[in-house]
Amino acid sequence: MFELLIGIGVVLVVAIILTILRILRLVNVARGVEKKSPDSSSANKVNALLFLLFLLISGAATTWYSVSRFDEYQLPIASEHGIITDRLFWITMIVTGVVFIITQILLFYFSYKYQFKTSRKALYYPDNSKLEVVWTVIPAIVLSILVFSGWKAWSDITNAAPDDAEVVEVMGYQFGWEFRYPGKDNELGNHDFRLIDPVNMWGMDFTDRSSFDDFSSGTKLVIPKGKPVLFKIRARDVLHSVFIPEFRLKQDAVPGMPTRFWFTPNKTTAEMREELGNPDFNYYIYCTEVCGRGHFSMRKMVEVVEADEYEQWYAEQQPFLQKNPDYLAKVPSNMKELAVVSAGMDSEVEEN
């Protein structure tokens, strides 16, 4: 609120100054001063001075605001690649920021220094080949380094995940997220959109033995700290986008075109709460595509736990088939016994 009042005050002061200058000019015109000697026009000098004042005031205000709010410029980082991503971001900001500041200072200072005077004659300066080579080659080299660094970071993220990565299928739909884990065999089963129903939301194909022990994490996504996690991402209906800001994770979920993203969390939820001094903090997965009227509701909790705690939680989960034994009827008869064993079901279910 205080900053808003300062901004309004600055605008009012500038408006008053401009009004006074306008009145002075009209008075000069009425007196015939400006016609006789445009070089001595006070308005012209004041305009040039205002350029300089604008540079100083806006520069001071921007510097003050940036310094006082710097801690709010970025969220805490909770993944290993997030450190690299942020470093690239700040290097790019510094390079482009320095160039921006230099050019703006020159732009406003030159407007003041080279204000119109009848005694001054402009210099005709058509071209300078050496200067053009310098300001073309140097930016090209700097931008090439920035682009190459960004490309390498992106390639590391989207390349094949390590063999020991924890695999999770992330599926977006209007309007929510569902997570599927591969079970003890560490292989996700096939899916088919024609098999989707109100219970089997993933369209799991139970003719594939890898589906027998797959399970859902329910109301939240649980992942371990310090281990690579591979998200296999897909969308069931329209375009969505997976976004977890603290992990610097963002990847589109495209219908009919699975995508992926792997990363390594380096802070548990408990550690992040302690770091921020906020006992209510939680990681959340968001959708960053405007995917429909209920887009705002596409948010689900992500819990990061220690590796041993994750293994214990993983071992306690019940496969989809165990929770929904009716779907055993969709398993081919020659694979039912294997399905019962893989899903940890009571053998009496098969007999029924």
Side-chain angles (χ1 to χ4, degrees), residues 77-85 153-172 176-191 201-202 204-205 208-235 240-253 258-273 282-286 299-323 342-344:
I77 309 171
S79 69
E80 293 183 358
H81 81 270
I83 299 171
I84 300 172
T85 305
W154 179 249
S155 298
D156 291 342
I157 294 168
T158 54
N159 274 340
D163 294 337
D164 62 339
E166 296 292 330
V167 178
V168 182
E169 182 185 61
V170 179
M171 183 184 70
W177 298 103
E178 290 293 335
F179 312 113
R180 184 163 65 115
Y181 292 72
K184 295 178 181 177
D185 63 359
N186 205 31
E187 291 185 13
L188 283 169
N190 294 333
H191 57 81
M201 302 185 67
W202 303 270
M204 285 192 290
D205 180 3
D208 179 9
R209 63 181 63 195
S210 297
S211 301
F212 297 160
D213 59 351
D214 290 356
F215 67 87
S216 164
S217 62
T219 58
K220 63 182 179 181
L221 170 68
V222 181
I223 53 178
K225 168 193 169 186
K227 289 192 68 177
V229 177
L230 171 63
F231 278 2
K232 292 188 173 182
I233 302 167
R234 65 186 175 105
H240 302 280
S241 187
V242 176
F243 181 48
I244 308 178
E246 290 84 2
F247 298 154
R248 305 298 190 266
L249 189 164
K250 184 180 182 303
Q251 181 64 277
D252 285 349
T259 55
R260 64 186 181 186
F261 195 107
W262 78 269
F263 61 101
T264 304
N266 59 9
K267 292 176 187 173
T268 65
T269 300
E271 289 173 337
M272 187 61 89
R273 288 174 178 172
N282 285 303
Y283 298 111
Y284 284 98
I285 180 173
Y286 303 93
R299 188 181 82 153
K300 212 159 192 177
M301 185 187 298
V302 179
E303 184 176 6
V304 182
V305 297
E306 297 289 353
D308 54 347
E309 188 178 349
Y310 175 76
E311 291 177 4
Q312 182 180 353
W313 172 86
Y314 201 93
E316 293 172 351
Q317 301 308 302
Q318 289 181 293
F320 177 87
L321 270 181
Q322 191 181 91
K323 287 184 176 178
S342 299

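Values in this document were obtained by computation on a predicted structure and should not be read as measured data.
Partner of Phe231 under the ring-ring contact (aromatic ring centres under 6.0 Å, His included) criterion, out of Trp262, Phe247, Phe263, Trp177: Phe263 alone.
Between Asn266 atom CG and His81 atom NE2 the span is 10.0 Å, to the nearest 0.5 Å. Note that NZ of Lys227 is 6.0 Å distant from CG of Asp164, once rounded to the nearest 0.5 Å. Note that the CD1 atom of Ile244 and the CG atom of Leu221 stand 6.5 Å from one another [nearest 0.5 Å]. Expressed to the nearest 0.5 Å, how far CG of Asn282 lies from NZ of Lys220 amounts to 9.0 Å. Rounding to the nearest 0.5 Å places NZ of Lys225 at 6.0 Å from OG1 of Thr268. If you take CD1 on Ile223 and CD on Glu303, they are separated by 10.0 Å, rounding to the nearest 0.5 Å.
The shortest non-hydrogen separation linking Asp214 to Pro182 is OD1-O, 3.0 Å. Considering every non-hydrogen atom in both Ala161 and Ala165, the closest pair reads CB-CB, 4.0 Å. The two residues Ala253 and Arg234 make their nearest non-hydrogen contact at CB-O, 3.8 Å.
Proximity of Gln317 to Ser217: side-chain heavy atoms (C-beta onward) are nowhere separated by under 4.5 Å. Contact annotation: the side chain of Val222 approaches that of Tyr310 to within less than 4.5 Å [non-hydrogen atoms, C-beta and beyond]. Counting heavy atoms from C-beta on, the side chains of Pro265 and Val229 come closer than 4.5 Å. Side chains of Val305 and Thr269 form no contact here, defined as non-hydrogen atoms less than 4.5 Å apart. Tyr181 has its side chain out of reach of Glu166: every pair of non-hydrogen atoms, C-beta onward, lies at least 4.5 Å apart. Within the 4.5 Å cutoff, the side chain of Ser241 has no heavy atoms near those of the Gln251 side chain. In this structure, the side chains of Phe320 and Phe212 stay at 4.5 Å or more apart for every pair of heavy atoms. Taking 4.5 Å as the limit, every side-chain heavy atom of Val242 sits out of range of all side-chain heavy atoms of Phe261.
Between the side chain of Tyr314 and the backbone N or O of Gly183 there is at least one donor-acceptor pair closer than 3.5 Å. Within the 3.5 Å criterion, the main-chain N or O of Gly189 finds a donor-acceptor partner in the side chain of Arg180.
With respect to Glu246 and Lys267, no salt bridge is recorded, no charged nitrogen being found less than 4.0 Å from a carboxylate O. A salt bridge is defined here as a Lys NZ or Arg NE, NH1 or NH2 lying under 4.0 Å from an Asp or Glu carboxylate O, and Glu169 with Lys232 fails to meet this definition. Electrostatic pairing of Lys184 and Asp213 does not count as a salt bridge here, judged by no charged N lying under 4.0 Å from a carboxylate O.
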Step-by-step side-chain contact (heavy atoms from CB on, under 4.5 Å) determination, Met171 to Glu178: CA-CA 5 Å; Met171 183 184 70; Glu178 290 293 335; 4.1 Å; yes

CA sep, side-chain torsions, deciding dist, call: Tyr286, His240, ring-ring contact (aromatic ring centres under 6.0 Å, His included): CA-CA 9 Å; Tyr286 303 93; His240 302 280; over 10 Å; no

Audit row: Ser210, Asp185, side-chain contact (heavy atoms from CB on, under 4.5 Å) steps and yes/no: CA-CA 7 Å; Ser210 297; Asp185 63 359; 3.9 Å; yes

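Ring-plane geometry between Phe215 and Trp313 is classed as perpendicular, the angle between the planes exceeding 60 degrees on a 0 to 90 degree scale with a lower cut at 30.
Judged by the 6.0 Å distance and 45° axis criteria, Arg299 is positioned over the aromatic ring of Tyr284.
By the side chain to side chain contact (heavy atoms under 4.5 Å, CB included) test, Ser155 is found to be paired with Trp151, Asn159, residues two or more places apart in sequence or in another chain being considered.
Between the side chains of Asp205 and Asn190, not a single donor N or O lies within less than 3.5 Å of an accepting N or O. A donor and an acceptor atom, one from each side chain of Thr219 and Lys300, are nowhere located under 3.5 Å apart.
Counting heavy-atom neighbours within 6.0 Å of Arg209 CZ, excluding the residue itself, gives a total of 12 or less.
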